[in-house]
2 protein chains.
Amino acid sequence: MRLSEKKITASLKRHGYKLTPQRRAVIGAIASSPDHLTTTALYQKVRQDHPAIGLVTVYRTLDILARLELICELHAGGSCRSYTIAAPGHHHHLICADCGEVIDFSGHYLTELEARLCRETGFEIEGHLLEFIGRCQDCQRAT
Amino acid sequence: MRLSEKKITASLKRHGYKLTPQRRAVIGAIASSPDHLTTTALYQKVRQDHPAIGLVTVYRTLDILARLELICELHAGGSCRSYTIAAPGHHHHLICADCGEVIDFSGHYLTELEARLCRETGFEIEGHLLEFIGRCQDCQRAT
DNA sequence: GCTCTAAATGAAAATTATTATCATTTATAT
DNA sequence: ATATAAATGATAATAATTTTCATTTAGAGC
């Protein structure tokens with residue numbers, strides 16, 4: 001279950017951040033897209049509603065949202081970093097190596113492994129990222 | 001089991017790439033480090049033996065090696081991209097959120113999940129990346 | 001070993017992504 | 001309504017990566 005826009009703004013306020021129109025616009029843009037978007041893509045999307053917004057503000061907002069774990073940051077091939085609304089505890093992606101499509105899937109397959117790694121390495125594990133790389137149906141056909 | 005330097009150079013030749021001293025130096029540097037290194041870190045390491053090498057050549061070599069899947073590319077927090085010798089089929093990392101230490105661990109925990117995802121989504125899965133984010137023992141103590 | 005040629009290199013410039021600075025504006029507690 | 005700390009946007013700075021291009025070189029063929 002993805003976080004709602006309302007929960008996100010509530011969490012921002014709870015943490016003492018002001019709720020500016022710019023922040024609302026960024027949250028709106030990210031919440032209304034099912035996909036992972038890069039900072040630049042998001043900037044362009046936000047500007048449709050809010051032409052005066054600065055790229056820097058988008059960066060700053062994403063930074064805050066990611067710290068609060070309200071959005072999910074994904075690092076992948078080439079030009080790094082993209083974001084999507086967080087689905088708490090789930091960071092499971094299926095990424096198409098050709099077209100870059102990202103599908104999220106849910107599941108808690110890793111609890112046991114996580115416990116074992118804690119024991120064996122002394123790491124304190126905070127989260128995980130599981131990505132499968134492959135080719136989506138469309139790109140398979142396109143070959 | 002990590003790929004040996006010899007296997008890497010053999011694969012390069014097999015694919016029609018020339019074996020230049022620069023490429024040997026980059027391969028040597030990456031093979032002799034147990035850690036993930038960023039391009040810049042690697043550049044500095046290579047320059048100890050080969051002071052005249054250009055940063056561009058390091059980029060180019062890493063690019064080729066990554067394409068041939070002879071090294072493993074890791075995208076993680078902040079200043080992206082680091083590399084280590086590939087251990088075919090294993091892309092399992094334990095990353096410290098504080099100091100950035102990366103520990104590789106082995107295991108084949110995902111085969112079953114992978115099969116299920118193929119069935120359900122029609123993706124053709126080529127590989128995966130499993131990262132646990134947490135804090136290593138040193139950084140836990142440092143708090 | 002010597003020659004030739006396509007491939008590789010390195011210097012420099014160009015792009016792109018991200019972060020810092022700072023004067024101005026604004027959300028919100030009072 | 002007002003005061004003020006926080007947020008914004010323009011600009012500049014930094015960092016990471018890629019492109020360009022003239023020069024050099026690995027290695028195939030003799």
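Naming: A, B, ... by sequence-line order, numbering from 1 per chain.
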Legend entry - Side-chain donor or acceptor of Thr61(B) paired with backbone N/O of Thr57(B) under 3.5 Å: yes

Inset, instruction - Calculate the interatomic distance between Asp63(A) atom CG and dA20(C) atom C1'; express it in whole Å. - result: 13 Å

Inset, instruction - Mind calculating the distance between CZ (Arg24(A)) and C1' (dT8(D)) to the nearest angstrom? - result: 16 Å

Inset, instruction - For nucleotides 8-14 of chain C, just jot down a letter per nucleotide in 5' to 3' order: B, S or -, based on protein non-hydrogen atoms under 4.0 Å. - result: SBB-B--

Inset, instruction - Specify the separation, in whole Å, of atom CG of Leu62(B) and atom P of dA16(D). - result: 14 Å

Legend entry - Non-hydrogen side-chain atoms of Ile27(A) and Leu12(A) separated by less than 4.5 Å: yes

Inset, instruction - Please report, rounded to the nearest Å, how far the C1' atom of dG27(D) is from the CZ atom of Arg14(B). - result: 18 Å

Inset, instruction - Indicate whether OP1 or OP2 belonging to dT28(C) is found under 4.0 Å from a side-chain N or O atom of Lys13(A). - result: yes

Legend entry - Terminal axes of the helix from dG1(C)-dC30(D) to dT30(C)-dA1(D) (five pairs each): angle between them, nearest 10 degrees: 50°

Inset, instruction - Verify, without hydrogens or angle tests, whether Ser32(A) (side chain) and Ala29(A) (backbone) share a donor-acceptor contact under 3.5 angstrom. - result: yes

Inset, instruction - Could you walk me through whether Tyr83(B) and Leu65(B) pass side-chain contact (heavy atoms from CB on, under 4.5 Å), step by step? - result: CA-CA 10 Å; Tyr83(B) 299 87; Leu65(B) 295 175; over 6 Å; no

Legend entry - From CG (Leu70(B)) to OG (Ser11(B)), nearest 0.5 Å: 4.0 Å

Legend entry - Position toward the 5' end of DNA chain D (nearest nucleotide), Leu19(B) or Thr40(B): Thr40(B)

Legend entry - Atom pair OG1 (Thr39(B)) and CD (Gln44(B)), whose distance is rounded to the nearest 0.5 Å: 11.5 Å

Inset, instruction - Answer yes or no: is there a side-chain heavy-atom contact under 4.5 Å between Arg23(B) and Ile64(B)? - result: yes

Inset, instruction - Rounded to the nearest angstrom, tell me the gap between atom CZ in Arg47(A) and atom P in dT8(D). - result: 16 Å

Inset, instruction - Measure from the side-chain N and O atoms of Thr9(B) to the backbone N and O of Glu5(B), and report whether any donor-acceptor pair falls under 3.5 Å. - result: yes

